[in-house]
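So the structure is just underneath, and the comments pick up after that.
Numbered from 1 within each chain, the chains take letters A, B, ... in sequence-line order.
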Amino acid sequence: MQQNKPLHNQIPKRNQLYRKVLIKLTLETSKMYHIEEMRTRLTLNEQSLSNVHTTDFPGSYSGYNDAWDSRKFISNFRVKIISIDDKEMQFDMIGIDASIANAFRRILIAEVPTMAIEKVFLYNNTSVIQDEVLAHRLGLIPLDVDARLFEFRQTDDLEGTAEDTLDLELNIKCTKNPSAPKDATDPNVMYKHHKVFSGDIVWIPKGNQSDVSCVKPVHDDILIAKLRPGHEIDVKMQAVKGLGRDHAKFSPVATASYRLLPEIKLLSKITGDDVKELQSCFSPGVIGIKQNDQCEEEAYVVSARMDTCSREVFRHPNLKDKVKLSKVKDHFIYSVESAVGLAPNVLVSESIKILMTKCRSFLRELDNAQDKEMDTQ
Amino acid sequence: MEEKVNISSKLEVEQVKDGNSKTCCTFIMHNEDHTLGNALRYIIAKNPDVEFCGYSIPHPAENKINFRIQTRGAAVTEVLRKGLEDLHSVCQHVLTTFESAVEDYKHNTDQNVAS
């Protein structure tokens, strides 16, 4: 029957249907895009930030399966090394949640063990630096030694053993330089040993320690005290293994931080005088200028990575609606600077291992708790 | 090795008086803070059986966290166990990926220096 209907009746209907489907589809895709944006991007607005928190938990979004899936994690996760030297490294960690990325950072600062001077025995100190200030200064000197070779010292142990303690000594006396000319005014010429440096600290191996490692301060040129003729410092020191959360002197990093990868989108064409203005709103190298088809200068985003996310662009009324600033929520740009003798990549590996140790020890505790429960029943 | 100094981990289980102790529980984790607390909270909240998961530091001078889990019927201890195991395997993967990335980087730079 329907086949007999005149063709012109069908065409508009069909078109209507197409339009409806098309509208629905575009609505649907824009909704999907919006949700995807909420889940994966942190948006920088003029006065505020939005979508800061992790929201991809089961039940938060319909149509998404947000249950933990280790295969999905493994297929998405990437590490990209930007640079490594013996003191500093930069790397990207992509496809991980901020809570876990932050755990690594926190462990690097506060829970990777190092050796530092903990006890100072003062035999003589006639310098102008007070005993307690001198002891504190000595404690902060980073030592070039692998703390993994040592054990934590028991709190009631006062002597220490070769496994948990390093003995160090600093014995220095300032004297007049007999060969200095009479009219000299420079202390470097007039006196001998008038500056005490970290390089003057001597390590005294305990037991078989000299076979295993060689201990010295990381830097030889840290000024500890200034002396004048007749002044003397004679101290013995003990270095022990400790954690940064106990005292910052045990922290193995100078800085361990991350930032999120910035993303800059130009929502409409920016040409003419605005180009230079836009360029000046961002860090150097972020915005580039190209010749477009109409032979005018047009701004484009070269690399958002270098941007400091200053949001200067939102102070320019002619530009603020043409730019969208955001950050990729699961792309972490780490920078780790080692303060001790270990390479920064070793410290990062250690921090990951420490988080694993935490998990294992609580799994063991959970087993113990359940065993106890079984016994009482 | 690490257990020697006062950094050893200890777990206490606090049962709730009212309600089903199989499905709601507060674990007291000694010598822990946001480092483990937040990472574990994220992994456990990803579990569809979990109705609520959160933690608090009751007092900044006390070195412990209260870690609360409420489930939709699954045993809380098993949920916590799965969370710890998942976090452990995440770390394992991060560690192997990181170390191989470092290896590759060093290998490539060595080659560039040689050539």
Side-chain angles (χ1 to χ4, degrees), chain A residues 54 56-59 65-70 73-74 77-81 83-84 89 91 93 96-100 102-104 106-107 110-111 113 151-155 164 241-243 245-246 345 348-349 352-370 373, chain B residues 1-13 27 29-51 53 63 77-78 80-106 108-109:
Chain A
T54 305
D56 53 346
F57 295 115
N65 178 18
D66 282 321
W68 178 252
D69 184 350
S70 57
F73 167 73
I74 287 171
F77 183 75
R78 274 180 299 137
V79 171
K80 209 175 136 204
I81 310 285
S83 67
I84 305 182
M89 84 177 293
F91 64 97
M93 200 180 265
I96 196 163
D97 187 67
S99 60
I100 300 169
N102 192 38
F104 297 144
R106 284 174 64 93
I107 292 172
E111 294 186 55
E151 306 269 336
F152 284 100
R153 190 157 118 178
Q154 302 281 353
T155 38
D164 57 26
K241 189 172 174 175
L243 301 179
R245 74 174 180 202
D246 173 39
N345 58 301
V348 175
S349 297
I352 300 167
K353 284 179 198 157
I354 287 166
L355 190 55
M356 286 164 77
T357 315
K358 279 176 189 289
C359 292
R360 274 200 303 271
S361 65
F362 276 107
L363 280 168
R364 210 165 44 234
E365 285 285 321
L366 197 59
D367 285 338
N368 292 345
Q370 281 181 321
E373 207 180 308
Chain B
M1 181 178 89
E2 271 119 336
E3 269 84 301
K4 274 191 179 171
V5 177
N6 56 348
I7 56 163
S8 64
S9 50
K10 208 175 130 230
L11 188 74
E12 272 177 46
V13 183
F27 299 93
M29 295 174 162
H30 291 270
N31 289 314
E32 288 304 336
D33 55 9
H34 299 287
T35 305
L36 184 71
N38 200 20
L40 197 58
R41 188 209 101 248
Y42 167 76
I43 288 278
I44 290 176
K46 277 275 200 186
N47 188 335
D49 291 335
V50 173
E51 186 181 53
C53 178
N63 232 340
T77 47
E78 291 317 303
L80 178 63
R81 185 184 303 278
K82 185 177 182 294
L84 287 164
E85 281 164 358
D86 282 345
L87 188 57
H88 188 271
S89 63
V90 166
C91 292
Q92 185 67 65
H93 181 69
V94 172
L95 184 65
T96 47
T97 315
F98 177 78
E99 288 189 335
S100 68
V102 170
E103 280 293 304
D104 288 350
Y105 178 84
K106 287 195 168 159
N108 287 342
T109 45

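- When every heavy atom of A/Met356 is checked against every heavy atom of B/Cys91, the shortest pair comes out as CG-CB, 3.1 Å.
- Between atom CG of residue B/Leu84 and atom CZ of residue A/Phe362 there is a gap of 8.0 Å, rounded to the nearest 0.5 Å.
- What you find for A/Ala67 and B/Pro48 is that their closest heavy atoms are CB-CG, 3.5 Å.
- Neither the backbone nor the side chain of B/Glu103 has a heavy atom closer than 4.5 Å to any heavy atom of chain A.
- Aromatic rings from B/Phe98 and A/Phe91 are positioned such that their centres are separated by under 6.0 Å.
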| message | Pair B/Arg81, A/Leu363 - check side-chain contact (heavy atoms from CB on, under 4.5 Å), show working. | response | CA-CA 6 Å; B/Arg81 185 184 303 278; A/Leu363 280 168; 3.7 Å; yes

| query | What do the steps show when you test B/His30 against A/Glu365 for side-chain contact (heavy atoms from CB on, under 4.5 Å), and what is the final call? | reply | CA-CA 11 Å; B/His30 291 270; A/Glu365 285 285 321; over 6 Å; no

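- Residue contact with chain A, scored on non-hydrogen atoms closer than 4.5 Å, involves the backbone and the side chain of B/Thr77 alike.
- Considering all non-hydrogen atoms of both residues, A/Ser349 and B/Glu99 come closest at OG-OE2, 3.1 Å.
- Both the backbone and the side chain of B/Val90 come within contact range of chain A, each with at least one heavy atom under 4.5 Å from a heavy atom of that chain.
- Closest approach of B/His93 and A/Phe73 over heavy atoms only: CD2-CE2, 3.7 Å.
- When all heavy atoms are compared, the tightest approach of A/Phe57 to B/Lys46 is CD2-N, 4.1 Å.
- Note: B/Thr35 OG1 to A/Ile100 CD1 = 12.5 Å, rounded to the nearest 0.5 Å.
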